[in-house]
Amino acid sequence: MAGKNRINNTDKGGRSSEKRVFTGYLIIILLVTAGSFFNGLHLWGINWWLYLSLTAKITLLLITAVSGLLVILYPTRIGIQLSASSDVEEPAEKIPVLFYIIVTFLFLIAFVVGRTETHFLGDGYELLSRLSNNIDPVKQWDVGATYIQKILYEFVGGNGIVDALFSYRITAVSSGLIIILVTFLSAQRLFDDNVRRLFFTWGVLSAGYMLLFFGYVENYALLMSFVVICTLLGVLSSLKKFTSVYLIPIVILAVFFHIFGLLLTPGLSYLLFSDLALGKKLKHVRTRTKILIYSTILVIGILCYIIIRQSDYFFTFVLLPIIPDQFTVDNDWLFSKKHFAGLFNLLILLFPGIAIFIFQLRWAELSSFLKSRVGTFLFIQCIVALLTVFVLNPGIGMPRNWDLFSIVGVPIAIFIFIYLLRGKVLRRTQITSVVLILVVNTIILGSRVYVFASPRQSIRHFKDYLELDKARSRNAWHLLVEYYEQKCDSITALATIHERDKRYPEKLLNDNALSLITQGKARQAIPMLERAIAINPVYWSAYVNLSLGHLQLRQIDTALVLLDIANGLNPNNAQILDNMGSALYLKGESNKAKELLLRAIDIDSTQTNALAGVATIYLSEGDVSHSMQYLEKHFSIAKSDYLIYLNFGDQYLDSQQYKAARRAYQMALEKGMDSSYYYERCRVHPLLSE
């Protein structure tokens, strides 16, 4: 880094350091090569060459081997000598603006040519469906991103899936271009020489999270662009090259795009607090006192974690259990082997060169770097992101949720390259480490771009992911079925349905039990649903149907507990909220019932049961106008028979609301009611026919 704020380093290891670096390089290459022959193990962050032809694998292996040898054998002591003794700094080199334009244009071409062609990971297809059908978002934690996406969708035409996909691709590509621009500008301020600027820029733009900008369909592109912006500006701020207070509105915008933007606040708080008098005093606190403070914070954090997780079923399923509990699936808990394997794969996926970085580390140098303001800031950002990913339950499985968890890759990438490019002189070990990391990162990112740009390979990749988190991926099979149906491949679609049903015996139990419940045989259905839940403890549909069985037996409190569990597993689901409202109404809690039913309607305006329930509650409150309003909505979309409208007509008539009663009877007549009943009611109540 440049000038007075540059952090000094020494390099005493010489050849031994280079050997360690090359060892790390060989390990990651061997892992990737070996992983390319296995798809049944938890190697999802490593085995990207699995989806390439044998010729492509051999070619990439040769490229990486030759690249490594060239870097080691070539005299990389290029000796970037920056002014160390003079009080007056030499003028910084400049990169021509044309170079920036060319690189940005090349990235733009890459983003477009390598765009993802399938959208199985995350909520890709669901997001496209909701946007194209003008359905409001149900997840409040990324409302800003969905709002921007909706505006863009209307701007490009607002006409179906094609425009929805186009708008998401625009968001992804434009967010990527923003990151390129900000990285270039930041590198210009951070370093005085062009070599470091290019190394740093290439490093940030070759990390695994960059796949999000190749037309990827999710609501995280804008969040990631702001994470990069905030982290880079935070680095400049820690070096007194940017005013920390200006980061506040940027962090607020990041939170607007996604709740994960809150992960930027600890680093921002450090920058703001360290400038205060109290912050400066705390730097000189004794080590023993610091340990006491950190231990206290740790204990309080653990207690809060336990209390929050037990406070609501939503948090029960959002946070992983410290030890396995009744809802643990696939042996995935906080300190399980599977969870640590998932974190390892995620780190390799987001920054393949991390093994090289670890092998070249000298702990004394790392400790010195962490004591600097920039080192402390980046360390805080890394730890906060890592802890968040560590404690969060990857609801659809960590391999499929990599896109949301990719937030951890940004501070790690920037930390590593700031650390490696620090100092007044770049020595051979630093350059060797940086170049080998860039080679590995670029090749792995390129492999992933190819897989997602090829429908055949991405489908194969998705099927592997379905096996890694079998219980969590049950609902994802319908995406494959719908994909084949849209491609008019009914044979493969039927084969996929058959394969899914064979793999998930709990689905057959759930379907058969639901059939029994509709026949009024709840006592026979309940044991079947309990077996389904024993097989798959996160099968939310089974909890919903089990609640229906208990409601049928008038066991309302039990039904509400089961619906609370289902709501924790699948929050903001209209069907679950509808059933909860109905159960509360039966319990006599009309106000709470109405609130939940209205929320269900807001999420899905086609919930006919909720519409009828709200109409009933408003009628019981004497609000005939609103009751009729929701009954009209029910009538416009329902395919039910006339009985519900006849019942409303009778209730309106009993309340002497003749106009409303007449309209309800008309609805019943249009749905097939015998007109003799209506005329008989008119004879008894002459005002009804007026």
Side-chain angles (χ1 to χ4, degrees), residues 104 107-109 111-182 211-229 249-250 252-261 403-404 452-453 478-479 482-483 485-486 571-574 577 598-607 610-611 629-630 632-633 636-637:
T104 303
F107 264 101
L108 175 60
I109 293 175
F111 288 152
V112 174
V113 173
R115 64 188 181 275
T116 58
E117 293 295 339
T118 60
H119 320 288
F120 295 115
L121 301 192
D123 296 319
Y125 282 111
E126 180 185 348
L127 291 171
L128 290 174
S129 175
R130 297 189 74 85
L131 184 60
S132 61
N133 290 295
N134 292 311
I135 300 175
D136 291 332
V138 298
K139 296 179 179 178
Q140 300 305 313
W141 41 84
D142 60 1
V143 64
T146 54
Y147 178 72
I148 297 296
Q149 203 64 60
K150 193 170 184 178
I151 293 174
L152 185 56
Y153 171 66
E154 296 296 335
F155 177 77
V156 300
N159 187 23
I161 290 287
V162 174
D163 284 349
L165 177 57
F166 184 52
S167 68
Y168 268 103
R169 283 174 170 167
I170 289 175
T171 303
V173 171
S174 58
S175 298
L177 295 178
I178 290 171
I179 286 179
I180 293 169
L181 175 63
V182 172
L211 182 66
L212 288 173
F213 310 113
F214 285 82
Y216 196 89
V217 177
E218 251 299 355
N219 284 327
Y220 308 138
L222 287 169
L223 167 69
M224 290 301 294
S225 65
F226 271 80
V227 171
V228 172
I229 291 170
I250 300 176
I252 291 173
L253 269 176
V255 176
F256 172 70
F257 289 127
H258 195 282
I259 193 66
F260 264 30
D403 41 20
L404 176 58
F452 283 98
H478 79 91
L479 298 175
E482 292 173 4
Y483 176 84
E485 288 175 345
Q486 290 173 2
N572 296 312
N573 179 279
L577 294 173
L598 288 172
R599 278 178 57 196
I601 295 168
D602 285 340
I603 294 169
D604 182 0
S605 60
T606 65
Q607 286 289 319
L611 290 168
Q629 175 185 336
Y630 283 93
E632 290 279 10
K633 291 180 180 179
S636 66
I637 59 175

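Owing to the predicted nature of the structure, the values given are computational and were not obtained by experimental measurement.
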> To the nearest 0.5 Å, what is the distance between CZ (F166) and CD1 (I161)?
15.5 Å
> Evaluate L611 against I637 for side-chain contact (heavy atoms from CB on, under 4.5 Å), listing each step before the verdict.
CA-CA 10 Å; L611 290 168; I637 59 175; 3.7 Å; yes
> Looking at E218 and D123, would you say the former's side chain and the latter's main chain have a donor-acceptor pair under 3.5 Å?
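Yes, the answer is positive, given that a donor and an acceptor are paired below the 3.5 Å cut-off.
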> When rounded to the nearest 0.5 angstrom, what distance separates CG in L121 from OH in Y216?
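If we round to the nearest 0.5 Å, L121:CG and Y216:OH are 4.0 Å apart.
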> Residues in side chain to side chain donor-acceptor pair (under 3.5 Å) with T171, at least two apart?
Q149
> Decide side-chain contact (heavy atoms from CB on, under 4.5 Å) for V217 and E126; before the verdict, give the C-alpha distance in whole Å, the side-chain angles of both, and the deciding distance to 0.1 Å.
CA-CA 10 Å; V217 177; E126 180 185 348; over 6 Å; no
> Can you name the closest pair of heavy atoms from D604 and A574 and give their distance?
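Answer, listing the atom of D604 first, then A574: CB-CB, 3.6 Å.
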> Do any N or O atoms from the side chain of R130 and from the backbone of L127 form a donor-acceptor pair under 3.5 angstrom?
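No; judged by distance alone, with no hydrogens or angles, the pair does not exist.
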> If you look at every heavy atom in L577 and A600, which pair is closest and at what distance?
CB-CB, 3.9 Å
> Would you say Y153's side chain and G158's backbone share a donor-acceptor pair under 3.5 angstrom?
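Pair found, side chain donor or acceptor close to backbone of G158.
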> Would you name the heavy atoms of N572 and I603 that are closest together and state the gap between them?
O-CD1, 3.3 Å
> Given I178 and I229, is the side-chain contact (heavy atoms from CB on, under 4.5 Å) satisfied, shown in steps?
CA-CA 9 Å; I178 290 171; I229 291 170; 4.0 Å; yes
> Rounded to the nearest 0.5 Å, how far does CG of L598 lie from CD of Q607?
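Q607 CD to L598 CG: 12.5 Å, rounded to 0.5 Å.
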> Considering residues at least two apart in sequence or located in another chain, which fulfil the ring-ring contact (aromatic ring centres under 6.0 Å, His included) criterion with Y483?
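Y483: ring-ring contact (aromatic ring centres under 6.0 Å, His included) contacts with F120.
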> Any idea how H258 and Y220 line up, ring-wise: parallel (<30°), tilted (30 to 60°), or perpendicular (>60°)?
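It falls in the perpendicular class, over 60°.
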> Looking only at heavy atoms, what is the nearest atom pair of A221 and A172, with distance?
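Heavy atoms only, the tightest pair is CB-CA, 3.9 Å.
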> Looking at every heavy atom in both G215 and T116, which two are closest together, and how far apart are they?
O-OG1, 3.0 Å
> How would you list, by chain and number, every residue that makes a side chain to side chain contact (heavy atoms under 4.5 Å, CB included) with Q486, sequence neighbours excluded?
none
> For I109, what residues pass the side chain to side chain contact (heavy atoms under 4.5 Å, CB included) criterion, not counting sequence neighbours?
F105, V113
> Counting only N and O atoms by type, is there a donor-acceptor contact under 3.5 Å from the side chain of S225 to the main-chain atoms of I179?
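Checked: no pair found.
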> For S129 versus N133, what's the shortest heavy-atom pair and its separation?
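For S129 and N133, the tightest heavy-atom pair comes out as O-ND2, 2.7 Å.
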> Just do the side-chain contact (heavy atoms from CB on, under 4.5 Å) check on S132 and L128 with the steps written out, would you?
CA-CA 6 Å; S132 61; L128 290 174; 5.7 Å; no
> Can you name the side chain to side chain contact (heavy atoms under 4.5 Å, CB included) partners of L177, sequence neighbours left out?
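Result, side chain to side chain contact (heavy atoms under 4.5 Å, CB included) vs L177: T104, L108, F111, V173, I180.
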> One pair to check against ring pair (Phe, Tyr, Trp, His ring centres under 6.0 Å): F452 and F214. What are the steps and the verdict?
CA-CA 9 Å; F452 283 98; F214 285 82; over 10 Å; no
> Roughly how far apart are D163 CG and Y168 OH, rounded to 0.5 Å?
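One finds 13.5 Å between CG of D163 and OH of Y168.
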> Which residue pairs satisfy the salt bridge (charged side-chain N to carboxylate O under 4.0 Å, His left out) criterion with at least one member in residues 167-179, sequence neighbours excluded?
E117-R169
> Quick one: is the NZ or CZ of K150 closer than 6.0 Å to the six-membered ring centre of Y147, and within 45° of its axis?
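No; the conditions do not both hold, so K150 does not lie above the ring face of Y147.
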> Say you draw a straight line from CG of L223 to CG of D142; how long is it, rounded to the nearest 0.5 Å?
9.5 Å
> To the nearest 0.5 Å, tell me how far M224 CE sits from L212 CG.
6.0 Å
